[in-house]
Amino acid sequence: MEYSSKAIEAKWQEYWAKNRSFEPSEDFTKEKKYILSMFPFPSGRLHMGHVRNYTLSDAFARYYRQQGFNVLHPIGFDSFGMPAENAAIKNGSHPKGWTYDNIDYMKGEFKTLGFSFSKERELATSDELYTKFEQGFIIDMYEKGLLYRKKGFLNWCPHDQTVLANEQVVDGCCWRCDTPIVKKDMNQYYFKITQYGDELLDDLKKLEGGWPKQVLTMQENWIGKSNGLAFDLAFDEASLEKLNNKFKSFDVFTTRPDTIYGVSYTALAPEHEIVSYMIENNLLDKEVVIKINEMKNASSIDRQKEKSGVPLNLHVIHPLTKKSVPVWVANFVLMDYGSGAVMAVPAHDERDFDFAKKYDLPINAVIKPFEGEANCDKAYTEIGELFNSESFNTLNSKDAQSKIIEYFEEKKIGKKTTNYKLKDWGVSRQRYWGAPIPFVHCNDCGIVMEKKENLPVALPHDVLINGEGNPLENHTTWKHCKCPSCGKDAIRETDTMDTFVESSWYFLRFCASPKNWENEAFSAEQIKYWMHQNGHEGVDHYIGGIEHAILHLLYARFFTKVFRDLGYLDFDEPFERLLTQGMVLKDGAKMSKSKGNTVDPDALIEKYGADTARLFILFAAPPTQELEWNDSAVEGAYRFIKRFYERSSNIYKTDTIPAIVHSSLSKEEKFARKKVYEALVRANDVYGEKYTFNTMIAGVMEAMNALNLQANSDVWSEAYWILTSIMEPVIPHTCWEISSKYFSLNNLRVQKVIEEVFVEDTITLGVSINGKRRCEIEVASDESDENIISIAKESASKWLEGKNIIKEIVVPKKLVNLVIKD
RNA sequence: GCGGAUGUGGUGAAAUUGGUAUACACGCCAGACUUAGGAUCUGGUGUCGCAAGACGUGGAAGUUCGAGUCUUCUCAUCCGCACCA
C-alpha cells in the first residue's frame with residue numbers, strides 16, 4: 001500500500017476527462033452553483049497565486065457537486081494584452097502563436113493539478129468568436145451613447161507605447177511596467193462609466209456581507225462622490241477687455257459653500273482653456289508662460305512636491321460681496337476634477353492656505369470654532385459658526401451650506417452639484433494584440449460602425465511588431481476598407497480595446513452551451529438559470545486577488561448594468577459573493593522572478609503531487625490571509641496524505657456506511673467517532689461563510705490521531721467513509737482512489753451528522769478560584785450543579801483552606817468558578 | 001494626512017464569539033526500529049523556577065465572578081487612497 005502520487009493522480013485525471021465528470025448538466029430544474037475564479041492571463045506558466053486561487057474555487061466546486069448541486073465551474077484565458085507583443089519584440093514570436101502555445105501548456109497544468117473545470121466551456125478571449133460578440137456589444141453601446149470619442153489629455157506610457165485608463169495608473173506609473181506616465185493630448189474612445197456613477201456607488205450596499213469590506217471601501221473612494229455648489233465667477237471689465245470678450249466667466253465647484261465669504265483669490269489649472277487661450281494669443285509675459293509650461297510638464301509626482309503658481313492679472317467679481325478677486329494659475333488645481341478651477345479660501349483650506357502664505361495673499365477667516373476664537377495661524381477646516389458673512393452670520397456650517405446653496409439657486413447664479421472622482425473609462429490602445437474597435441472613418445460619413453453581419457473585424461496575421469508605433473496603423477493594407485454606409489474608400493479604426501473589456505463580460509459567456517457559441521454570446525435561458533437562485537443574483541462564489549478590487553471588478557459591474565439596460569440581462573450585480581485571497585509569500589516577500597523567491601508549481605507536483613500542493617495551500621493559512629511558503633510544511637502535508645492513504649488498510653469494502661451501535665464501543669472508539677463527526681460538522685461550516693479550510697483540515701487530522709488510538713474496523717471504515725468525503729474537495733485524487741477501492745465511490749456525497757456520538761457519559765470541568773484555573777474534575781454529564789460544586793470544592797480544597805467562598809458559578813459543560821475572600 | 005486591517009509559542013496558526021489560552025501542523029529535543037536515515041513509530045516541547053508556584057495573547061487602564069475576545073487610550077506593522085476643491 002505504498003502511496004504513489006503520480007500513478008494515482010494520472011489515473012483519476014484520465015478518468016475524469018473520459019467521463020466528462022465536471023461538465024455542468026443542462027437539467028435546469030436542479031439547484032445550481034456558479035463557482036468562478038478570476039481567469040488568468042496566459043503568461044506561460046501558472047504561478048502559486050493561480051494555484052491558490054484555483055485550489056479554492058475547485059474545493060468549492062467539488063463540495064457543491066457532492067451536495068448534489070449542478071455546478072458550473074468554468075475557466076478561460078484573458079488572452080489579449082501587451083505581454084504577447086513584448087514577447088514578439090523580444091523573441092520574434094507571433095503574439096498569436098505565443099499566446100496559444102502558452103494556453104496549451106497552462107491547460108496541461110490545470111489537468112495535473114486536478115482542477116475540476118468544465119473542459120467544454122474553456123475559452124480564450126482572443127478567439128475570433130469572442131471578439132465577434134464583443135464588437136457587437138461595442139456597437140450597441142456606441143448607439144446608446146455609452147461609448148464616445150473625444151480628444152483629451154491622456155495617460156501615456158512611453159514604454160508600452162499606449163494610453164492607459166486612470167485606474168491603470170498607479171502612483172503616477174504604468175500598472176504593468178512601472179514606467180512613469182506622461183500626459184499626451186490625443187483622440188480616444190471612452191465608455192461613459194460616469195453615467196452609472198451613482199448606481200455603482202449605491203449598489204455597493206447590495207454587496208455588503210457578500211464582498212470584503214475593504215473592496216467596497218476602495219470602490220466607494222474611487223467613485224468619490226461629493227456634493228456641493230457650482231457657480232460662475234464673472235470677469236471684471238478690464239479682464240473682459242483683456243480676453244477680447246472671448247470668456248465672460250468660468251465655473252468653479254466647492255463642497256464648502258459656507259466659506260464663500262472667505263474667498264481671497266481663485267485659481268485655474270495650468271491646462272485650463274482660458275490659460276491656453278492667453279498663451280496662444282500672447283496675452284501673458286514670457287516668464288509667466290514658461291512657468292505655466294513647467295507646471296504642465298511636471299510629472300504628477302513632482303507636481304505634488306511644492307505648490308506654485310503665477311497671477312494672470314485677471315480679476316473676477318465675488319458673486320455675493322461684489323469685491324474684486326484675483327485669478328491665479330496654480331499647480332495644485334487639477335484639470336480633470338470638477339471644472340479645473342477653484343475658489344480659494346485660505347483661512348479654511350490647507351492647500352489654499354499654503355499657497356496664500358507663499359504668495360502673500362489675504363487670509364480672511366469667516367468660520368470660527370463653536371467654542372473659542374478664530375485663529376489665522378493655520379487653516380481651520382472644521383465646521384463652525386459663520387462670521388463676516390453678511391446675512392449668514394451666526395449660522396453653523398451645515399445650515400449655512402444649504403442656505404447658501406438655496407440662495408444661489410434662487411438668484412440663479414449657482415447650482416447644487418454632485419461631482420465624482422470617477423472619470424470615463426478610456427479604452428483605446430495603440431497596440432496590435434487586442435480586439436479591434438469595429439469602426440470605420442469615412443471622409444463623408446464620419447465615424448461609421450461596422451455592420452454586425454461583418455463581425456468580427458479580425459486582426460491581420462501578417463504584422464511587423466517592433467515596438468515602434470501601432471502595428472495596425474503601420475500595416476499596408478488592413479486599415480483600408482469601404483465605408484459600411486456609403487461604400488466609398490475609408491479607413492478602419494486602428495486602435496484596439498483595453499483588455500479589461502474582455503474580462504468585463506466573460507462570466508456571461510460561460511452561460512451558453514458551447515454548441516451554440518457560434519450563434520449567441522450567451523443564452524437568456526442559461527443566464528436566467530446560472531445567474532439567479534432563490535432571489536439571489538450573480539455568480540455564487542467569485543474568487544480572486546485583491547489587486548482587482550477596483551479595475552476589473554468596477555468594469556464588470558459597469559458592463560452588467562449596461563447589458564441590463566440594453567435588455568440582455570435582468571439583474572444589477574454580477575458577483576454575489578467575492579472571496580479575495582491573500583498573496584503567496586516566500587521569505588516574507590511576494591514571490592517574484594526578480595527576487596528569485598518563486599516556487600514552481602510543476603516542480604512541486606513532480607516531487608509530491610497535486611494533492612500535496614493543494615493540501616498545503618489550504619492548510620497553511622485561511623484564504624484571505626497571506627500565505628507564507630514553507631518547504632518543510634509542504635513535506636508535512638505530503639506525510640499526512642501518505643499516512644491517510646496507507647492507513648486505509650484498516651478499513652473494509654462496503655457500499656454503505658457501516659452501522660455502529662455507539663453504546664457498545666470502548667472509550668477510545670467513542671472518542672474516535674466523536675472526532676470524525678466533529679470534523680464533519682466543521683467541514684459543513686466552511687463553505688457557507690467562514691472559508692476556514694485550515695481548521696477543517698485540522699479537524700480531520702485530529703480525527704486521524706484519535707482513530708490511531710483504537711483498532712475497531714467498523715469505526716475505521718465509517719471514519720474513512722466520511723473523511724474521504726470531507727477531504728475530496730482538498731485532495732481529490734487520493735480520496736477518489738480510496739473511495740473507489742473500498743466504497744465504489746458511493747460515499748462522495750452528503751454525509752449525515754449523528755448526534756449521539758456527541759453525547760458523553762462524563763465531562764471534564766475546569767475549576768478556577770477567582771478566575772484562575774487551579775485543577776479539573778470529572779463528573780457525570782448530567783450531574784447537578786450542587787454536586788458539581790461540592791466535588792469542585794473537595795478537589796480544590798488546597799486553595800480554599802481558611803478562606804470564605806462568597807460566590808459559586810457553574811458554567812455548563814465548561815467550568816466551575818469559586819470566588820473567595822480571606 | 002485620511003480610511004481599513006492585523007498584532008497570540010522558535011514558525012504557520014486555533015480558540016464553539018465573555019468561560020480550562022496556544023487545537024492542528026512545522027521546527028526542535030529524547031527514545032525505538034534500522035548497516036544507514038532528510039524514512040517510519042513513540043514521547044516531550046509557552047516563559048521563569050530544583051520545586052511549590054509565579055508569569056503569560058504588542059503596551060497601559062477599565063467593565064466583569066471571569067477578558068485573546070467588550071470599552072478607552074497608546075505603540076507597532078501592513079494595505080488602500082491621497083493637492084478630488
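- Counting any heavy atom pair closer than 4.0 Å across all strands shown, A:Val700 reaches no nucleic acid atom.
- Atom name P, nucleotides B:G43 and B:C78: the rounded distance is 42 Å, in whole Å.
- Note that OG of A:Ser308 is 4.5 Å distant from CE of A:Met295, once rounded to the nearest 0.5 Å.
- The side chain of A:Lys421 lies closest to B:C81, out of B:A85, B:A13, B:C81.
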Under the rule of Watson-Crick or G-U wobble with both distances under 3.5 Å, where | means paired to another strand and [ ] a crossing pair, RNA chain B maps to (((((((..(((......[....)))((((((.......))))))(((....)))..(((((..]....))))))))))))....
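- In this structure, A:Leu627 and A:Tyr420 both approach RNA chain B, and ranking their closest nucleotides by distance from the 5' end singles out A:Leu627.
- Note that CG of A:Leu818 is 4.5 Å distant from CD1 of A:Ile769, once rounded to the nearest 0.5 Å.
- Picking from B:A85, B:A82, B:C65 the nucleotide with the shortest atom distance to the side chain of A:Ser226 gives B:A85.
- If you look at A:Tyr420 and A:Tyr196, their ring centroids are not closer than 6.0 Å.
- Taking atom P on both nucleotides, B:G44 is separated from B:U34 by 24 Å, rounded to a whole Å.
- What separates CG of A:Leu216 from P of B:G3 is a distance of 18 Å, to the nearest Å.
- When all heavy atoms of A:Leu386 and A:Asp258 are compared, the pair lying nearest together is CD2-O, 3.5 Å.
- In this structure, A:Glu808 reaches neither bases nor backbone, as no heavy-atom distance under 4.0 Å exists between it and the strands shown.
- Ring-centre distance between A:Tyr190 and A:Trp425: not below the 6.0 Å cut-off.
- Between B:A52 and B:U8, the two P atoms lie 29 Å apart (nearest whole Å).
- B:G4 atom P lies 10 Å from atom CG of A:Asn221, rounded to whole Å.
- Here the two rings, on A:Tyr638 and A:Phe616, have centers that are 6.0 Å apart or farther.
- Residue A:Arg52 comes nearest to A:Glu626 through the heavy atom pair NH1-C, 4.1 Å, listed as atom of the first residue, atom of the second, then distance.
- Between B:G68 and B:A15, the two P atoms lie 15 Å apart (nearest whole Å).
- Side-chain N/O atoms of A:Asn630 and A:Ser632 include a donor and acceptor closer than 3.5 Å.
- What separates CZ of A:Arg52 from C1' of B:G12 is a distance of 12 Å, to the nearest Å.
- Expressed to the nearest 0.5 Å, how far CZ of A:Arg673 lies from CG of A:Leu707 amounts to 11.0 Å.
- Separation of the C1' atoms belonging to B:C70 and B:A23 is 24 Å when rounded to the nearest angstrom.
- Base orientation of B:G9: syn, since the glycosidic angle falls within 90° of 0.
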What string of B, S and - do you get for nucleotides 15-34 of chain B, 5' to 3', if B is base contact, S is sugar-phosphate-only contact and - is no contact with any protein heavy atom under 4.0 Å? -B--BB--BBSSS-------
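- Put simply, CD on A:Glu760 and NZ on A:Lys813 are 8.5 Å apart, with the number rounded to the nearest 0.5 Å.
- In this structure, A:Asp631 atom CG and B:G12 atom C1' are separated by 13 Å, rounded to whole Å.
- Between the CH2 atom of A:Trp222 and the C1' atom of B:A82 there is a distance of 11 Å, given to the nearest Å.
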Quick one, A:Trp328 with A:Leu268, criterion side-chain contact (heavy atoms from CB on, under 4.5 Å). Give me CA distance, side-chain angles, the key distance, then yes/no. CA-CA 6 Å; A:Trp328 285 63; A:Leu268 304 179; over 6 Å; no
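- For the pair A:Phe616 CZ and B:U11 P, the computed distance is 16 Å after rounding to whole Å.
- In summary, the aromatic rings of A:Phe693 and A:Phe619 are positioned with their centroids too far apart to meet the 6.0 Å limit.
- Remark: the separation of the P atoms in B:U72 and B:G80 is 27 Å, to the nearest Å.
- Anti is the classification of B:U72, since its glycosidic angle lies more than 90° from 0.
- The minimum heavy-atom distance linking A:Asn53 with A:Gly544 is given by the pair OD1-CA, 3.5 Å.
- Of the N and O atoms on the side chains of A:Glu755 and A:Tyr677, not one donor lies less than 3.5 Å from an acceptor on the other residue.
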Heavy-atom contacts, protein to nucleotides 51-57 of chain B, under 4.0 Å, summarised as B (base), S (sugar-phosphate only) or - (none) per nt, yield -SSSS--
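- Along RNA chain B, the nucleotide closest to A:Ala620 and the one closest to A:Asn770 are compared, and the more 5′ of them pairs with A:Ala620.
- Spacing between atom CZ of A:Arg256 and atom P of B:A85 amounts to 11 Å, rounded to whole angstrom units.
- A gap of 7 Å separates the C1' atoms of B:G18 and B:A67, to the nearest Å.
- Rounded to whole Å, the separation between the P atoms of B:A54 and B:G37 comes to 44 Å.
- OP1 or OP2 of B:A13 sits under 4.0 Å from a side-chain N or O of A:Gln625.
- Following rounding to the nearest Å, A:Lys213 (NZ) and B:G3 (C1') show an atom-to-atom distance of 11 Å.
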